[in-house]
Amino acid sequence: MAHRWKNTLTRADATPLAAYMNRRQIMAGAMGLGLIGAAGMARSQEAELEPNSWEDITQYNNFYEFGTGKSDPARNAHTLTTEPWTVAIDGLVDNPGDYSMGQIMEAMTIEERIYRFRCVEAWSMVIPWNGFELADLLNLAGVQEGAKYVAFETALRPDEMPGVRFPVLDWPYVEGLRLDEAMHPLTMMATGIYGKPIPNQNGAPIRLVVPWKYGFKSIKSIVRITVTEDEPPTSWNKANGREYGFYSNVNPEVDHPRWSQASERMVGGGLFAKRQPTLMFNGYEEDVASLYDGMDLRANF
Ligand SMILES: Nc1nc2c(c(=O)[nH]1)N[C@H]1C(S)=C(S)[C@@H](COP(=O)(O)O)O[C@H]1N2
Ligand SMILES: [Mo]
């Protein structure tokens with residue numbers, strides 16, 4: 001698998017979504033005409049970013065249900081039973097219910113997306129996810145009139161999660177997005193990395209990925225998705241509302257009260273690697289800035 005990445009990639013900027021979507025549509029069109037196969041389709045998307053290694057991505061994690069150390073999730077998360085798994089979808093939807101992973105995988109088309117990933121702690125990676133757009137799942141459930149937000153909840157299993165014995169956070173871990181953020185084509189549900197099933201420490205069997213927001217918004221091992229009218233509570237905001245807001249968009253101009261967000265350390269870059277500048281909306285400004293038109297990004301951090 002890894003060889004596919006070696007020669008074709010350079011560490012340049014991410015493709016703006018418009019260009020990316022166009023290429024996808026062109027490729028999908030060509031595929032419809034039988035001109036290229038699925039492999040060609042996948043290859044067309046692996047252009048611009050050099051992903052971190054499998055080791056970086058799966059050995060350096062935040063998943064506090066399995067401990068607060070960066071290597072705790074890799075060491076402890078094997079105890080999580082990920083099969084069978086169901087995701088309850090409820091709230092303002094036409095088709096509420098318990099969706100099994102099998103049903104979800106059957107209904108969704110899995111694609112590969114290489115995204116930057118920026119933790120609020122000022123480290124970053126590039127991760128080749130496999131998954132589908134959250135919008136496709138929400139459309140399957142049928143979002144009703146009046147819906148404004150989407151809430152997410154992680155499994156809470158004290159028998160399988162040694163970290164939840166400690167009141168670091170108010171368990172279960174919960175997160176939320178505005179409906180338009182949730183429906184944005186960049187927002188995905190990841191079920192794999194590097195073409196393999198997503199490892200437990202990365203949020204098996206299904207986790208959110210919102211590449212323009214700080215990593216803690218990308219909630220892992222999801223068991224419930226609730227479409228709501230009101231802004232849902234979120235774990236880090238509940239834990240410390242002064243430091244972590246609802247939006248948590250990556251913004252190099254708004255520092256964390258205790259550290260600068262202007263630059264970041266690329267995981268795997270080596271001990272003496274230079275920090276790299278953090279980009280507005282983590283490099284996805286062109287695609288998502290319009291979601292926040294007229295909003296004070298300092299007040300709505
Ligand atoms: N349920 C749950 N989801 C979570 C976390 C967590 O502790 N619990 N940590 C968050 C944080 S702070 C980050 S940076 C990312 C890390 O994802 P990764 O380990 O796959 O890189 O997961 C996010 N999702
Ligand atoms: Mo994070």
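First listed ligand is number 1; within each ligand, the first listed atom is number 1. What's counted below: heavy atoms across the whole structure, side chains too, no hydrogens, waters or symmetry copies. Because the structure is a prediction, the values reported are computed rather than measured.
A cation-pi arrangement is not found for Lys217 relative to Trp236, the charged atom failing to lie both closer than 6.0 Å to the ring centre and inside a 45° cone about the ring normal. Within the cation-pi definition used here (under 6.0 Å to the ring centroid, within 45° of the axis), Lys220 does not qualify as a partner of Phe152.
In this comparison of Tyr244, Phe152, Phe216, the heavy atom closest to atom 11 (C) of ligand 1 sits on Phe216.
A distance of 6.0 Å or more separates the ring centres of Trp129 and Tyr194. Ring pair Phe216/Tyr244: centre-to-centre distance below 6.0 Å. Residues Tyr60 and Trp123 bring their aromatic ring centres within 6.0 Å.
Considering backbone and side-chain atoms alike, Trp123 places every N or O at 3.5 Å or more from each N or O of ligand 1. Considering backbone and side-chain atoms together, Trp236 places no N or O closer than 3.5 Å to any N or O of ligand 1. Where the criterion is an N or O separation shorter than 3.5 Å, residue side chain and backbone included, Tyr60 fails it with respect to ligand 1. Between Asn62 and ligand 1, at least one N/O pair is under 3.5 Å apart. Checking only distances, Gln201 never comes within under 3.5 Å of ligand 1, N or O to N or O.
Residue-ligand proximity, Thr154 to ligand 1, at heavy-atom distances under 4.0 Å covers atoms 1 (N). Less than 4.0 angstrom separates some heavy atom of Cys119 from each of these atoms of ligand 1: 14 (S). Those atoms of ligand 1 that come under 4.0 Å of a heavy atom in Arg207, given as number and element, are 15 (C), 17 (O), 20 (O), 22 (O).
Looking only at heavy atoms of the protein, atom 8 (N) of ligand 1 is closest to Glu65 OE1, 2.8 Å. Among protein heavy atoms, atom 19 (O) of ligand 1 sits closest to Lys220 NZ, 2.7 Å. At the top of the distance list for atom 7 (O) of ligand 1, counting protein heavy atoms only, stands Tyr64 N, 2.8 Å. In this structure, the protein non-hydrogen atom closest to atom 6 (C) of ligand 1 is Tyr173 CE1, 3.3 Å.
Heavy-atom distances between Ser218 and ligand 1 reach below 4.0 Å in at least one pair. By the 4.0 Å heavy-atom criterion, Phe117 is counted among the residues contacting ligand 1.
The aromatic rings of Tyr292 and Phe281 sit parallel, their planes meeting at an angle under 30°, below the 60° perpendicular limit.
Taking a cutoff of 4.0 Å between a charged side-chain nitrogen and a carboxylate oxygen, Glu175 and Lys213 do not qualify as a salt bridge.
Between Gln261 and Thr278 the shortest side-chain heavy-atom distance does not fall below 4.5 Å.
One side chain, Glu121 or Asn62, offers a donor N or O that lies under 3.5 Å from an acceptor on the other.
For Arg157, the salt bridge (charged side-chain N to carboxylate O under 4.0 Å, His left out) partners two or more places apart in sequence, or in a different chain, are Glu160.
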